[in-house]
Amino acid sequence: MAQPLIITLDGPAGAGKSTTARKVAERLGYQHVDSGAMYRVVTLAAIQNLVPYTNEALGQLAGKIRIRFEPSFGGQRVLLDTVDVTEQIRSAQVTANVSEVSSFHNVRNAMVQLQREYGLNGGVVMDGRDIGSVVFPFAQIKMFLSADLEVRAQRRAAELAAGGNSVETSEMIEALDKRDKYDSEREESPLIKPEGSIEIDTTNLTIDEQVEAILEIVRKYQQTYDMITAFGDI
Ligand code: CDP
């Protein structure tokens, strides 16, 4: 009997975590939780309400707002209280502020609590920066997705271009590099390759190949689990 697992995907921006996590979740009938979207919602709320960037003020805000994911065709919508903010949380202003906002202890504390609630019954694929290291260090399957900076920047620039916003790849390289450094060097839950995680370098892979690679790891895990829990002769 397949047990519902917790699958974590961590890695830097543009490694393909969110799309991969969404597709893996779809294939397994699991819930996808994009933890980055949660930090983006807090950041948007802070900007809208002119909340000062202090641990107290941002922590209070993070504990007060309601963040919800609602299933929708081809993905999911993200709600701040009752407002659909799916597009707004991807704005340049939110992107420029999210690393700083998510570096505050009280903000992380509030988000990690919510994230752990999502994982209570398993059957979750969660992607982010600290999911396999802090949120679910004992998850059954922990992945770390990486890719060359230039390729990640090209992917991000192409995503933005598809949405009608053009950005030079060189500008994107600089922006991603800056955010990666900030995320990796911060004191609170920095981006690391979690202990016991399996790394996939996605530089030369398509999304479907990444999804298949993870599903294969899940299948092996389930087979091993089935074998050791089955009774009878060898
Ligand atoms: O999609 P992209 O890789 O651009 O970033 P994201 O997953 O939306 O995350 C945005 C930012 O939120 C990251 O750069 C981190 O600063 C922060 N974050 C975090 O601190 N911890 C997480 N578990 C997820 C995101």
Side-chain angles (χ1 to χ4, degrees), residues 6-22 32-47 53 55 58-59 62 67 69 75-76 78 85-116 118-119 124-137 139 142-147 149 151-160 162-163 165 167 172-194 197 202 207 210:
I6 294 182
I7 302 173
T8 68
L9 266 72
D10 290 298
K17 299 181 303 290
S18 291
T19 314
T20 307
R22 175 167 58 77
H32 169 214
V33 180
D34 175 350
S35 70
M38 299 170 72
Y39 289 100
R40 284 174 180 272
V41 173
V42 178
T43 306
L44 177 67
I47 294 169
Y53 285 9
N55 194 37
L58 287 172
I67 303 171
F69 293 102
Q76 55 188 0
V78 187
V85 293
T86 313
E87 276 80 36
Q88 263 177 297
I89 59 167
R90 305 282 155 199
S91 72
Q93 196 188 9
V94 170
T95 302
N97 282 269
V98 63
S99 282
E100 187 177 354
V101 170
S102 54
S103 69
F104 288 94
H105 176 80
N106 289 357
V107 172
R108 302 208 73 79
N109 214 21
M111 291 305 107
V112 170
Q113 271 186 36
L114 286 177
Q115 289 155 7
R116 287 187 176 150
Y118 280 116
V124 165
V125 185
M126 196 174 292
D127 71 285
R129 302 292 187 287
D130 61 339
I131 311 303
S133 57
V134 174
V135 184
F136 297 120
K142 304 205 282 188
M143 307 299 306
F144 186 78
L145 265 53
S146 61
L149 175 61
V151 169
R152 292 191 283 115
Q154 279 163 358
R155 289 177 185 163
R156 226 359 101 80
E159 265 170 37
L160 286 177
N165 300 305
V167 181
M172 191 50 82
I173 290 179
E174 215 176 294
L176 286 194
D177 193 36
K178 187 172 159 213
R179 192 143 63 90
D180 288 347
K181 283 213 173 85
Y182 197 103
D183 290 344
S184 308
E185 289 169 6
R186 70 183 178 208
E187 249 171 67
E188 287 281 337
S189 310
L191 164 66
I192 53 161
K193 180 179 178 305
S197 64
T202 73
I207 291 286
Q210 290 163 212

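For ligands, and for the atoms within them, numbers begin at 1 and follow the listed sequence.
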Rounded to the nearest 0.5 angstrom, the CG-CE distance for L114 and M38 is 4.5 Å
Identity and separation of the nearest protein heavy atom to atom 16 (O) of ligand 1: D183 OD1, 2.6 Å
Which one holds for E188 and ligand 1: side chain close, backbone close, both close, or neither close, with close meaning a heavy atom under 4.0 Å? neither
Best match, Q115, M126, R40, R129: closest heavy atom to atom 18 (N) of ligand 1: R129
Using a strict 4.0 Å cut-off to heavy atoms of S99, name the atoms of ligand 1 that fall inside it. 14 (O), 16 (O)
heavy-atom search around atom 9 (O) of ligand 1 in the protein gives G36 CA, 3.6 Å
Side chains of R155 and T19: do they bring a donor and an acceptor to under 3.5 Å? no
Salt bridge R90-D34, side-chain N to carboxylate O under 4.0 Å: yes
Quick one: does any side-chain atom of T86 pair with a main-chain N or O of V78 as donor and acceptor, under 3.5 Å? yes
Please list, in number order, the atoms of ligand 1 under 4.0 Å from a heavy atom of V98. 10 (C), 11 (C), 12 (O)
Can you tell me which portion of R179 lies within the under-4.0 Å heavy-atom range of ligand 1? Options are side chain, backbone, both, or neither. side chain
Could you walk me through whether T20 and D127 pass the side-chain contact (heavy atoms from CB on, under 4.5 Å) test, one step at a time? CA-CA 9 Å; T20 307; D127 71 285; over 6 Å; no
Between R129 and P190, is there a donor-acceptor pair closer than 3.5 Å when you use the side chain of the first and the backbone of the second? no
Numbered in order shown, the ligand 1 atoms found under 4.0 Å of a heavy atom of K17 are 3 (O)
By side chain to side chain contact (heavy atoms under 4.5 Å, CB included), which residues pair with R108, not counting sequence neighbours? Y39, S102, D130, R186, E188, S189
If we number the atoms of ligand 1 from 1 as shown, the ones under 4.0 Å from a heavy atom of I131 are 23 (N)
Distance-only, no hydrogens or angles: does the S197 side chain make a donor-acceptor pair with backbone N or O of K142 under 3.5 Å? no
Could you tell me whether the side chain of N97 and the main chain of Q93 form a donor-acceptor pair under 3.5 Å? yes
How long is the straight-line distance from CG of L58 back to CD of E100, given to the nearest 0.5 Å? 8.5 Å
Please work out, at 4.0 Å between heavy atoms, whether the side chain, the backbone, both, or neither of R156 comes within that distance of ligand 1. side chain
Polar-atom distance check: S18 versus ligand 1, any N or O pair below 3.5 Å? no
So which protein heavy atom does atom 24 (C) of ligand 1 come closest to, and at what separation? S35 OG, 3.3 Å
Note the single closest protein heavy atom to atom 17 (C) of ligand 1, along with its residue, its atom name and the distance in Å. S102 OG, 3.4 Å
Decide whether an N or O pair under 3.5 Å exists between D127 and ligand 1. no
Heavy-atom nearest neighbour in the protein, as seen from atom 23 (N) of ligand 1, with distance rounded to 0.1 Å: D130 OD1, 2.8 Å
Min N/O separation D34 to ligand 1 under 3.5 Å: no
Check each heavy atom of R108 against ligand 1 and say whether those closer than 4.0 Å belong to the side chain, the backbone, both or neither. side chain
Ligand 1 versus L191: contacting region, heavy-atom distance under 4.0 Å: neither
Based purely on interatomic distance, does Y39 place a nitrogen or oxygen under 3.5 Å from a nitrogen or oxygen of ligand 1? no
Quick look: E159 vs ligand 1, heavy-atom contacts under 4.0 Å, and the answer is neither
Which ligand 1 atoms, with their elements, are less than 4.0 angstrom from a heavy-atom of G128? 23 (N), 24 (C)
Please name all residues satisfying salt bridge (Lys or Arg N to Asp or Glu O under 4.0 Å) with K181, sequence neighbours left out, ordered by chain then number. D177
If I compare all heavy atoms of V107 with all of A62, which pair ends up nearest, and what's the gap? CA-CB, 4.2 Å
Considering only heavy atoms of R90, which atoms of ligand 1 have at least one such atom less than 4.0 Å away? 8 (O)
With rounding to the nearest 0.5 angstrom, report the CZ to OG distance, R179 to S184. 11.0 Å
